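Indexing begins at 1, ligand by ligand and atom by atom, following the structure's order. As the structure is a computational prediction, the values presented were derived from the model and not from experiment. The first residue in the sequence is number 1, and the count goes up from there. All values below were derived from every heavy atom in this structure, side-chain atoms included, with hydrogens, water molecules and symmetry-related copies excluded.
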Amino acid sequence: MLDDRYEWLRALNNQSLPIETIQPHFYDVPSVLWDVLRADLIHPVCSGNKFFKLKYYLQDALQQNHTMIHTWGGPWSNHIVASAYAARQLGLSSLGLIHGNEPGLYSATLQEARSYGMELQFTGWPSAPLQTSIPPNSYPIPEGGYGAEGARGAADLISTSLASAYTHIFCAVGTGTMIAGILSAAGNAHTTGVAISADPGLKTSIEKLQPGTAFSLNTDFHFGGYARKSPELLAFMNDFYRATGIPTDFVYTGKLMFAVASLIRQNTFPKGSRILTIHSGGLQGNRSLPNGQLLF
Ligand SMILES: *Cc1c(COP(=O)(O)O)cnc(C)c1O
């Protein structure tokens, strides 16, 4: 591949992701190891799992000589802003199809996506859809990167040998693409994959991408549903940050860390368990919170 637009993809792809160990005084059970894979550090905008889920779609779009991509998401979508940034890096134009009606004031996420050159169109709601117009040669990237290429990219987050060093790998789940990739990378490493999600229906979405793999889906830590929050969650995120220096977001990774800390403290894990949590990024979404609620 001589085209230097691939350089950006390659550079991000070759970054190694740090692993940090949480000190047991935070979770009180020293017989259990808790590590965090800091995928959030890969890039400030294309953070966490988003680069990994996008990369094979983007490579495919370039190889097929497309000059434009389009994809879907909500007004605070990490996927939308990551897609907008990545498209600009690769010299592709981009269109974001945003759920809902056009707001009077765009969210910080949509403003940022637009600043990277993404055109935004609003899809309305299923009951009252709006007309959108997608140029015929634009390359579609599924919402959240959900699909075989997205899972193949997410599999590159972790190697089989790294996965086999852990008894449990915990992921926050939206579409299920990332955990499907992680499960495929773990292969027969005898690691239990645990998905933390608000939606029991995700079991089917994950199985569709990664048939025949065992994992468990825990829906106990939803805090009222997708993108809902409580003062308890925000207080935990501040505590976690104070103890570890690791910032989290309230939609995904805050709930993930809360879940893992609670499950460890409830003595759910056998002695000697080695837990890896994937920090999948997403910090930009905290901009939807009123100022002053988080320490970071
Ligand atoms: C998008 C996202 C997820 C969900 O990933 P899926 O592959 O859709 O399950 C998890 N965490 C963060 C921070 C995200 O931005």
Side-chain angles (χ1 to χ4, degrees), residues 17 36-57 71-86 99 109 112-113 141-158 169-185 193-210 213 215 217-219 221-223 226-227 229 233 237 240 246-260 276-289 296:
L17 303 175
V36 177
L37 181 74
R38 296 292 307 273
D40 58 311
L41 297 175
I42 186 172
H43 189 273
V45 184
C46 253
S47 98
N49 65 23
K50 295 300 179 277
F51 168 74
F52 288 88
K53 294 198 291 174
L54 284 168
K55 65 179 184 171
Y56 289 118
Y57 292 112
T71 192
W72 293 260
W76 292 101
S77 165
N78 298 324
H79 168 74
I80 284 290
V81 74
S83 300
Y85 185 92
H99 305 307
T109 305
E112 188 178 350
I141 297 180
E143 178 158 4
Y146 181 82
E149 296 297 276
R152 183 156 78 95
D156 294 341
L157 274 161
I158 193 168
I169 301 178
F170 278 77
C171 295
V173 168
T175 61
T177 312
M178 169 175 60
I179 194 164
I182 301 253
L183 291 168
S184 110
V194 187
I196 299 293
S197 159
D199 176 7
L202 269 159
K203 197 160 191 323
T204 322
S205 318
I206 298 170
E207 278 162 355
K208 233 188 245 165
L209 281 184
Q210 194 54 37
T213 310
F215 62 93
L217 180 69
N218 181 318
T219 54
F221 297 94
H222 57 70
F223 292 88
Y226 180 78
K229 58 184 184 296
L233 175 65
M237 288 163 62
F240 187 75
I246 302 175
T248 52
D249 77 296
F250 75 93
V251 180
Y252 295 108
T253 55
K255 293 177 184 178
L256 171 71
M257 302 307 174
F258 186 101
V260 172
L276 181 67
T277 47
I278 312 292
H279 193 320
S280 38
L283 297 166
Q284 67 88 26
N286 287 340
R287 293 181 293 185
S288 70
L289 295 171
F296 46 88

**Residues in side-chain contact (heavy atoms from CB on, under 4.5 Å) contact with Asp199, at least two apart in sequence or another chain** = Ser197, Leu202
**Prompt:** For ligand 1, what are the residues with a heavy-atom contact below 4.0 Å?
**Reply:** Asn49, Lys50, Lys53, Asn78, Ala172, Val173, Gly174, Thr175, Gly176, Thr177, Met178, Tyr252, Ser280, Gly281, Gly282
**Message:** Once you measure the plane-to-plane angle for His43 and Tyr85, does it fall in the parallel (<30°), tilted (30-60°) or perpendicular (>60°) bin?
**Reply:** tilted
**For Thr71, all residues meeting side-chain hydrogen bond (donor to acceptor under 3.5 Å, both in side chains), sequence neighbours excluded** = His79
**Request:** Name all residues meeting the side-chain hydrogen bond (donor to acceptor under 3.5 Å, both in side chains) criterion together with Ser280; count only those two or more places apart in sequence or in a different chain, and write none if there are none.
**Result:** none
**Fill in**
All heavy atoms of Ala172 vs all of Met178, minimum pair found to be O-CE, 3.2 Å
**Item:** Closest non-hydrogen atom pair between Phe250 and Asn286, with its separation
**Value:** N-OD1, 3.1 Å
